[in-house]
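As a basis for the values below, the full set of heavy atoms in this structure was taken, side chains included, without hydrogen atoms, waters or symmetry mates.
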Amino acid sequence: MDAAVIGCGRMGAFTSEGVRKFAPECWFPLAHAEAIEAADGLDLVALCDPSEEGLARAAERYGVARTYTDHEAMLADGAPALVGIATRTTGRADIISDCFEAGVRAFHIEKPICNSVAELRRLEEIFARDDVFVTLGAVRRHFAIYHEAVTRASSGDYGQLLEARVDMGPGALFWTHPHSVDLILLAAAGRKVQSVQARLGEVERDGDTIVNDPAILAASVWFEDGFAGHISRAHGIDFHLSCERARFAVMNDGHSLAFAAADDANPYPATQQVEFDAGNAAQGALAPMLQLTACLEGDAAARAANTALKRDIVRGQEVLFAFVQSHLDGGAPVALADIDPAMTILGRTGQFYA
């Protein structure tokens, strides 16, 4: 099946050297083009980027002849089955819509998916279709070590799963915390969001528009059965799951899995490392690309998994908007229905946008 990438920067085509040096193996391949290149059944046939220099570099690296500085021109020459979209957020919703109208039915999209509530509602209609398949650049949910942690914590062997906590340091709403929210929703396993509460750093407003990308100081998502997800500013990139009688943690962005269980004889259980081998499981951005490929081929299990994922993608974007709504309401809990429908978040940091 033909595939294309729109946006040929570090997420689209060239994984940053810092990530290559420090990230655990579960993160690779990460760039969209790398993952498509590694995926059986996908053929990278086109690249698009407004920078002619970046486009030429990517075309040489991946041996792609069809190159475009405008995505509409690319689509006019024939819509691929799958598109990776690794642009900045501004304009991304329009690119998704244009690709859909041209006949694209599988999308791997960098996060966040859009800037405004209005854009989200438009995309929600597209994602609701049974013949449209979507994965998100918040890819940790596809890594075997995160699945292992959630499976063990949700097994019931240690009592009820009570909460998840994500430590991402002093991260910004759009730049960092789509990852945090997606992990919380992974652990929530389809539970309905009841309310959202957050305190943010400086928020620069222009009417209904949030101009900057505010830091999250603290945030919580509360679900229907009492399960809760929390975001902290603690150092590290760790994912904690707390049960009634045990706790699990994926440490250092997937380097290791830790576990501690209560014992009747010892109320202070020691934390131990869990020996974990992902085996031949697809990792990095390859895993979502393979899910999309399976969906296009009609695989029922992949399509069911993607239906749940599309729900979480939309819900995750709503939660990001709700964090801002809560902050603007003085840190009060808000329901997703309370989000201002006119809200737009530009996500600017200095001269750059998320």
Side-chain angles (χ1 to χ4, degrees), residues 1-7 9-13 15 19 23-44 80-87 89 92 95-96 99-100 104-114 123 126-127 129 131-148 150 178-187 189-190 239 250 253-254 278-317:
M1 284 178 284
D2 288 350
V5 173
I6 302 173
R10 64 182 185 87
M11 293 309 304
T15 303
V19 172
E25 287 301 313
C26 60
W27 276 92
F28 303 107
L30 180 57
H32 294 213
E34 288 178 329
I36 291 170
E37 185 179 55
D40 291 339
L42 290 180
D43 183 17
L44 183 61
L82 183 152
V83 170
I85 300 176
T87 62
T89 310
R92 187 175 290 159
I95 293 172
I96 297 168
C99 288
F100 168 74
V104 177
R105 290 297 179 263
F107 301 83
H108 182 59
I109 307 167
E110 278 309 310
K111 48 74 190 172
I113 58 172
C114 61
L123 295 179
I126 296 173
F127 294 175
R129 290 177 55 115
D131 63 343
V132 170
F133 313 106
V134 186
T135 55
L136 187 67
V139 291
R140 289 175 181 84
R141 69 158 56 224
H142 297 278
F143 301 171
I145 193 168
Y146 287 89
H147 272 283
E148 184 72 11
V150 172
H179 295 290
S180 306
V181 172
D182 192 64
L183 283 175
I184 289 169
L185 293 175
L186 173 65
F239 178 46
V250 180
D253 223 6
N280 295 322
Q283 304 279 18
L286 175 59
M289 293 294 184
L290 291 179
Q291 183 186 103
L292 292 173
T293 303
C295 288
L296 289 170
E297 292 173 343
D299 183 277
R303 289 188 170 195
N306 195 252
T307 296
L309 175 53
K310 288 190 294 181
R311 173 205 64 212
D312 281 355
I313 290 171
V314 172
R315 195 69 66 245
Q317 188 69 40

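Taking all atoms of both residues into account, the shortest heavy-atom contact from V314 to F127 is CG2-CD1, 3.9 Å. In terms of heavy-atom proximity, A138 sits nearest to K111 at N-CG, 4.2 Å. Nearest heavy-atom pair, A33 versus L44, reported as atom, atom and distance to 0.1 Å: CB-CD2, 3.9 Å.
At a threshold of 4.0 Å, the pair R141-D312 counts as salt-bridged, since one of the basic side-chain nitrogens sits closer than that to a carboxylate oxygen.
Annotation: side chain to side chain donor-acceptor pair (under 3.5 Å) contacts of R140 (sequence neighbours excluded): H179, D253. The salt bridge (charged side-chain N to carboxylate O under 4.0 Å, His left out) search around R315 returns E318, not counting sequence neighbours. Partners of E37 according to the salt bridge (charged side-chain N to carboxylate O under 4.0 Å, His left out) rule, which considers only residues two or more places apart in sequence or in another chain, are R61. With sequence neighbours left out, the salt bridge (charged side-chain N to carboxylate O under 4.0 Å, His left out) criterion links R129 to D131. Remark: T15 engages E34 in a side chain to side chain donor-acceptor pair (under 3.5 Å) (not counting sequence neighbours).
Atom CD1 in I313 sits 10.5 Å away from atom CG in L185 (nearest 0.5 Å). Distance CG/D40 to CE/M1: 11.0 Å, rounded to 0.5 Å. I85 contributes atom CD1, which lies 13.5 Å from atom CE of M11 (distance to the nearest 0.5 angstrom). With values rounded to the nearest 0.5 angstrom, L123 atom CG is found 5.0 Å from I96 atom CD1.
When L296, D2, I36 are each tested for a side chain to side chain contact (heavy atoms under 4.5 Å, CB included) with L42, only one passes: I36.
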Query raised in the report: Stepwise, does the side chain to side chain contact (heavy atoms under 4.5 Å, CB included) test hold for F107 with F100?
Result: CA-CA 9 Å; F107 301 83; F100 168 74; 4.2 Å; yes
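Between the side chain of K310 and the main chain of A305, no donor-acceptor pair closer than 3.5 Å is present.
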Sequence neighbours left out, cut at 3.5 Å: what donor-acceptor pairs do the side chains of residues 283-295 make with other protein atoms?
from: Q283; atom 1: OE1; to: A144; atom 2: N; distance (Å): 3.4
from: Q291; atom 1: OE1; to: N306; atom 2: ND2; distance (Å): 2.8
from: T293; atom 1: OG1; to: M289; atom 2: O; distance (Å): 2.9

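Using a 30° and 60° split on the angle between ring planes, H108 and H32 fall in the tilted class, from 30° to 60°.
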